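Below: the structure, in structure tokens.
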Protein chains: 2
Amino acid sequence: MRRYRVRVGRSGAQPANDEILDSQGGAATLAEAAYRRLRQDIVAGVFAPSQPLRLELLKQRYGLSFSPLREALNRLQTERLVATAPLRGFSVAPVSIEEMWDATETRILIECEALRRSIAHGDDDWEAGIVAAFHALDLQVRRKAAAGGIGDDELIALETRHQDFHRALIVRCRSRRLIDIADQLYVETQRYRLPTLAGQNPAASRDVALEHREIMEATLARRSDEAVALLAAHYRRTSTLVEAYMQNAPAK
Amino acid sequence: MRRYRVRVGRSGAQPANDEILDSQGGAATLAEAAYRRLRQDIVAGVFAPSQPLRLELLKQRYGLSFSPLREALNRLQTERLVATAPLRGFSVAPVSIEEMWDATETRILIECEALRRSIAHGDDDWEAGIVAAFHALDLQVRRKAAAGGIGDDELIALETRHQDFHRALIVRCRSRRLIDIADQLYVETQRYRLPTLAGQNPAASRDVALEHREIMEATLARRSDEAVALLAAHYRRTSTLVEAYMQNAPAK
DNA sequence: AAATATCTTTCTTTCGAAAATATGACATGC
DNA sequence: GCATGTCATATTTTCGAAAGAAAGATATTT
């Protein structure tokens, strides 16, 4: 018997609530589920950069057939996480220091402009969203610091809240494109940032929480130039550390 | 008998030259060919905005099967030319004045930054490329003006050279991402621009060729601020005209 | 008549196999 | 020994059909 649908059992006691998450993370189609899982695994380094992504392997790993996998890989290709050559299949997009800096500087260009516009147009809801996102992020950071280390699930939660905070800053820029490009570049840079978090100094020589707080405060005070400068410095500082890490353990 | 491959007859008298264009425009796979043809047809307005793209229809129109079509549609979705809702298929992305302006302003942000960097880093080859692209564009523009109207093939040639010119300006920006984003936004704005060219005033109240020449001259003279201002004004002027056109013939 | 349930039709999504290509090993000729 | 051609295998790409969901039509109940 085949099992096509991810979302099953609608006729049961449960109401047909679209928000309920199933095992695939709420995806309505297998292709969507494959997209999310593949992206997650690439960013997390489950597949090493430049590694070929053989369809047979993916088929077994995810229990899916060719079609949804190919759809997912095609989408990831346009997002620069997957590389492909005609008739030679797919592979994880390679990494390099140059690409990392390109992603970083492009992100700075996009997000700084988006932040300026958000500061110009932001309303009370926008401010509340920033404060809330910062607080949620801060809680998770403290939890990590208290526990010393961090588990996989907690790392995912931390990363989600980190992205939510940075997105909350720019969400009122009134440009769908700026937000989408920023989201995409977040994932690209995340790929470089995550490996450095794994094998790293516990008490870093850097107070990331403070940087976030300063960005938030300048933003809420509507000091555009200062907020933008802090944001750019924040990203460049991270990338400098990542670069140093990559030079020690190159082409991981 | 099935015919899978686009590129056939390699064993014949012809050398195996990868640059030779076949009927699919040099695509090595059917999925790639489907991607190009679909994009072309969407931009050219063969499919109206918001129109559902039924797979059965596309299958007949392009003589392809589901798989390559779905791959193409998935890629076009991440490029904002196609919209999709899970289990409800694909449709042409809708158009609106707001979206047009968002695409325009984002493009200005990206291309102005890329132009500044190109001016900073450009070498002799870069300058030669700009001059060559401008000349090729100019020839085609004069050809159009001389003939009065323009055929479909000539319009495609004109658009290609137009894109080539604008790309030549920014090609030395040393950022793959800026160039890729600019390419994508070019296609998005092209969608809005093309319909206005079809039903339009012959001798427009605007000398586009002159605008191009001024942009080129400021660029070659390395006057960054002026070049960037001219480029932005160039794009905004076009979009203003497109907006006027759309308000007369809304939601075409 | 209105609301609800059931059926039909239409379309999307997924699968598994078939076809085509690339890759690498092996043999052959120079 | 080196280049060239041929064959076997691994992999991608494509197809056609089957399964599953959505939308609309029809029947049934209140």
Side-chain angles (χ1 to χ4, degrees), chain A residues 1-12 16-18 20 22 24 26-38 47 51-77 82-92, chain B residues 1-12 15-18 22 24 26-38 47 51-77 82-92:
Chain A
M1 190 188 77
R2 293 197 193 167
R3 179 188 48 79
Y4 274 171
R5 291 300 136 194
V6 170
R7 188 190 300 274
V8 294
R10 272 287 175 78
S11 53
N17 183 348
D18 280 344
I20 291 178
D22 55 33
Q24 311 299 333
T29 68
L30 295 184
E32 176 77 13
Y35 166 75
R36 295 191 197 179
R37 296 184 62 185
L38 263 169
F47 304 114
Q51 174 187 338
L53 294 168
R54 303 258 173 264
L55 287 170
E56 190 57 42
L57 181 89
L58 301 178
K59 202 172 141 178
Q60 290 179 10
R61 181 178 169 87
Y62 298 113
L64 298 171
S65 184
F66 294 125
S67 318
L69 286 172
R70 287 186 67 84
E71 290 199 19
L73 289 164
N74 269 289
R75 288 178 59 181
L76 290 167
Q77 183 210 345
V82 159
T84 176
L87 297 174
R88 222 163 300 180
F90 301 89
S91 57
V92 180
Chain B
M1 189 188 78
R2 292 197 193 167
R3 178 188 50 78
Y4 272 170
R5 292 301 135 194
V6 170
R7 187 189 303 271
V8 293
R10 273 286 173 80
S11 52
N17 183 348
D18 279 343
D22 56 32
Q24 310 300 333
T29 67
L30 295 184
E32 177 76 14
Y35 166 75
R36 296 191 196 180
R37 296 183 62 184
L38 262 169
F47 304 113
Q51 174 186 335
L53 293 168
R54 302 259 170 262
L55 286 170
E56 189 58 42
L57 181 89
L58 301 178
K59 203 172 141 180
Q60 290 180 11
R61 181 178 171 86
Y62 298 113
L64 297 172
S65 185
F66 294 123
S67 317
L69 286 172
R70 287 186 68 84
E71 290 198 19
L73 289 165
N74 269 288
R75 289 178 57 182
L76 290 167
Q77 183 210 343
V82 159
T84 176
L87 298 175
R88 221 163 301 181
F90 302 90
S91 58
V92 180

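Sequence lines set the chain letters: A, B, ... in the order given, protein chains first and strands last, and positions in each chain run from 1. These numbers come from the heavy atoms of this one structure, side chains and all, not from hydrogens, waters or symmetry mates. If you're wondering where the values come from, they're calculated on a predicted model, not measured in any experiment.
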Locate the shortest heavy-atom distance separating A/Ala27 from A/Ala33; write the atom from each residue and the value.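 Smallest heavy-atom distance, with atoms named: CB-N, 3.5 Å.
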Write down the atom of B/Pro52, the atom of B/Ser91, and the distance for their closest heavy-atom approach.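 Closest pair (atom of B/Pro52, atom of B/Ser91, distance): CA-CB, 3.8 Å.
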Using a cut-off of 4.0 Å on non-hydrogen atoms, how would the nucleic acid contact of A/Leu53 be classed: base, sugar-phosphate, or nothing?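 Sugar-phosphate contact only.
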Counting any heavy atom closer than 4.0 Å, what does B/Phe66 reach on the DNA or RNA strands: base, sugar-phosphate only, or nothing?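 Base contact - B/Phe66 has a heavy atom under 4.0 Å of at least one base atom.
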Taking for each residue the nucleotide of DNA chain C bearing the nearest heavy atom, is the 5' side occupied by A/Ser67 or by A/Pro86?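 Going by which nucleotide is closer to the 5' end, it is A/Ser67.
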Report yes if at least one side-chain N or O of B/Arg88 is closer than 4.0 Å to OP1 or OP2 of C/dT13; otherwise report no.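 Answer is no, no contact under 4.0 Å.
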Can you check whether A/Arg70 has a side-chain N or O nearer than 4.0 Å to OP1 or OP2 of D/dT13?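 For D/dT13, OP1 or OP2 has a side-chain N or O of A/Arg70 closer than 4.0 Å.
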Whole-Å distance between [N] [atom2] and [X] [atom1]?
X	N	atom1	atom2	value
B/Leu30	C/dA20	CG	C1'	11 Å
A/Tyr62	C/dT14	OH	C1'	18 Å
B/Glu56	D/dC15	CD	P	13 Å
B/Lys59	D/dT14	NZ	P	15 Å
B/Gln60	C/dC11	CD	P	11 Å
B/Phe90	C/dT12	CZ	P	9 Å
B/Leu69	C/dT12	CG	P	11 Å
A/Glu32	C/dT14	CD	C1'	15 Å

Out of D/dC15, D/dT13, C/dT12, whichever nucleotide has its closest atom nearest the side chain of B/Leu55: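 Comparing D/dC15, D/dT13, C/dT12 against the side chain of B/Leu55, the answer is C/dT12.
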Please determine, for the side chain of A/Leu87, which listed nucleotide (C/dT21, C/dG16, C/dT14) has the closest atom?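 Side chain of A/Leu87 sits closest to C/dT21.
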Sidechain N-carboxylate O distance under 4.0 Å for A/Glu32, A/Arg36: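 Salt bridge: yes.
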Among B/Phe90, B/Tyr62, B/Tyr35, find the one that has a side chain to side chain contact (heavy atoms under 4.5 Å, CB included) with B/Leu69.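 The option that passes is B/Tyr62.
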Validation row: B/Leu76, B/Leu38 side chains within 4.5 angstrom (heavy atoms):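 A side-chain contact under 4.5 Å exists here.
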More 5' along DNA chain D: A/Arg54 or B/Pro68, using each one's nearest nucleotide?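 Checking each residue's closest nucleotide, the 5'-ward one belongs to A/Arg54.
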